[in-house]
Amino acid sequence: MSLNLDALEQHLITRSYIEGYTPSQADVHVYNLLTAPEPSKYPHSARWYSHIKSYTAEHADLPGTSTAGQAFVQSASAPAAADDEDEVDLFADDDEEDDAEAERLKAERVAAYNAKKANKPKAAAKSVVTLEVKPWDDETDMQALEDSVRSIEQEGLVWGASKLVAVGYGIKKLQITVVVEDELVSLDDLQEKVAEFDDYVQSSDIAAMQKL
């Protein structure tokens, strides 16, 4: 089986998809039978191919059927259709009897697809934060300080690696990594909780923060 690339190119001159107004199984069917078209020879097909490729992870979930894509499939032994001004446009919407039903089906497929995408759970936004905690002096028990900081527990907060960094005059500060869910953990509130351990903590700072 092969594709009639000339017919596909003509079809995509005025259309974004094989059928309808959103990606569907018809696009997936044609995409799977095709290698990347040459942009210089088939610019519209190349643009469409690149666009459908961006939906690769969602191909199995796209709505519709492959029926419309079958129109571009030709047997290996079949000669390519000649360019003819009188050739019947297989994709023309001239059949008035089917227009209303086709539009209704399109609308239903689009609505179902959009509803499915809207209901997909979104990954929680997270940040990796480097927190620096400074002690009062060189006599502060840094292990007790770290244990106190790590004792802070709440949903969306996970403590990571830590190390002591020399400040000067024999004083070291605690540098500790923490992963937080942005919607659940306020860094201001976290610093306030750290400050409550005032037997050990002089102050704290956010040294670095990066979104995951």
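Treat the numbers as computed from the prediction; the structure is a model and nothing was measured.
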A.B. asks: Are Asp6 and Gln10 linked by a side-chain donor-acceptor pair shorter than 3.5 Å?
C.D. replies: no
A.B. asks: So, for Pro37 and Tyr42, which heavy atoms are closest and what is the spacing to 0.1 Å?
C.D. replies: CB-CB, 4.0 Å
A.B. asks: Between Glu9 and His44 (side chain of the first, backbone of the second, donor and acceptor by atom type, cut-off under 3.5 Å), is there such a pair?
C.D. replies: yes
A.B. asks: Which residues end up grouped with Ile206 if you chain together Ile, Leu, Val, Met, Phe, Trp and Tyr wherever their side-chain heavy atoms are less than 4.5 Å apart?
C.D. replies: Val129, Leu131, Val133, Met142, Leu145, Val149, Ile152, Leu157, Trp159, Leu164, Leu174, Ile176, Val178, Val180, Leu184, Val185, Leu187, Leu190, Val194, Phe197, Tyr200, Val201, Met209
A.B. asks: Please check: side-chain N/O of Arg15 versus main-chain N/O of Tyr21, any donor-acceptor pairing under 3.5 Å?
C.D. replies: no
A.B. asks: Enumerate the residue pairs fulfilling salt bridge (charged side-chain N to carboxylate O under 4.0 Å, His left out) with a member in residues 194-210, sequence neighbours excluded, ordered by first and then second residue.
C.D. replies: Lys134-Asp205
A.B. asks: Any chance you could measure Lys193, atom NZ, to Ser148, atom OG, to the nearest 0.5 Å?
C.D. replies: 14.5 Å
A.B. asks: Please report whether the ring centroid of His11 lies less than 6.0 Å from that of Phe72.
C.D. replies: yes
A.B. asks: So, using side-chain hydrogen bond (donor to acceptor under 3.5 Å, both in side chains) as the criterion, who are the partners of Tyr113 when residues are at least two apart?
C.D. replies: Glu58
A.B. asks: Any luck finding a side-chain donor-acceptor pair between Glu132 and Ser204 under 3.5 Å?
C.D. replies: no
A.B. asks: Testing the basics here: between Pro135 and Lys173, what is the closest heavy-atom pair and its distance to 0.1 Å?
C.D. replies: CD-CA, 4.0 Å
A.B. asks: Atom CG of Leu62 and atom OH of Tyr55: how far apart are they, to the nearest 0.5 Å?
C.D. replies: 8.0 Å
A.B. asks: Please report the interatomic distance CD(Gln175) to NZ(Lys163), rounded to the nearest 0.5 Å.
C.D. replies: 5.0 Å
A.B. asks: For Gln210 and Ser127, what are the C-alpha separation, side-chain angles and deciding distance, and is it a side-chain hydrogen bond (donor to acceptor under 3.5 Å, both in side chains)?
C.D. replies: CA-CA 5 Å; Gln210 182 177 353; Ser127 300; over 6 Å; no
A.B. asks: Check whether more than 12 heavy atoms from other residues, nucleotides or ligands sit under 6.0 Å from atom CD of Gln154, and answer yes or no.
C.D. replies: yes
A.B. asks: To the nearest 0.5 Å, what is the distance between CZ on Arg109 and CZ on Arg104?
C.D. replies: 10.0 Å
A.B. asks: Is it true that His59 and Tyr31 share a donor-acceptor pair across their side chains at a distance under 3.5 Å?
C.D. replies: no
A.B. asks: Does some side-chain heavy atom of Trp48 sit less than 4.5 Å from a side-chain heavy atom of Asp27?
C.D. replies: yes
A.B. asks: For Pro39 versus Ala46, what's the shortest heavy-atom pair and its separation?
C.D. replies: CA-CB, 3.8 Å
A.B. asks: Atom NZ in Lys106, atom OG in Ser24: separation rounded to 0.5 Å?
C.D. replies: 10.0 Å
A.B. asks: Identify whether Val30 and Leu33 are in the same connected component of the hydrophobic contact network (ILVMFWY, side-chain heavy atoms under 4.5 Å).
C.D. replies: yes
A.B. asks: Are any side-chain N or O atoms of Ser50 and backbone N or O atoms of Arg47, one a donor and one an acceptor, separated by less than 3.5 Å?
C.D. replies: no
A.B. asks: If hydrophobic clusters are built from ILVMFWY residues whose side chains come within less than 4.5 Å, do Leu34 and Ile18 share one?
C.D. replies: yes
A.B. asks: How long is the gap from CG on Leu12 to OG on Ser45, to the nearest 0.5 Å?
C.D. replies: 5.0 Å
A.B. asks: Indicate yes or no for a side-chain donor-acceptor contact from Asp137 to the backbone of Thr140 under 3.5 Å, with no hydrogens or angles considered.
C.D. replies: yes
A.B. asks: Side-chain donor-acceptor pair under 3.5 Å between Ser66 and Gln25, yes or no?
C.D. replies: no
A.B. asks: Should Glu38 and Pro43 count as side-chain neighbours, where that means a heavy-atom distance under 4.5 Å?
C.D. replies: no
A.B. asks: Between Asp182 and Lys211, is there a side-chain N and carboxylate O pair less than 4.0 Å apart?
C.D. replies: yes
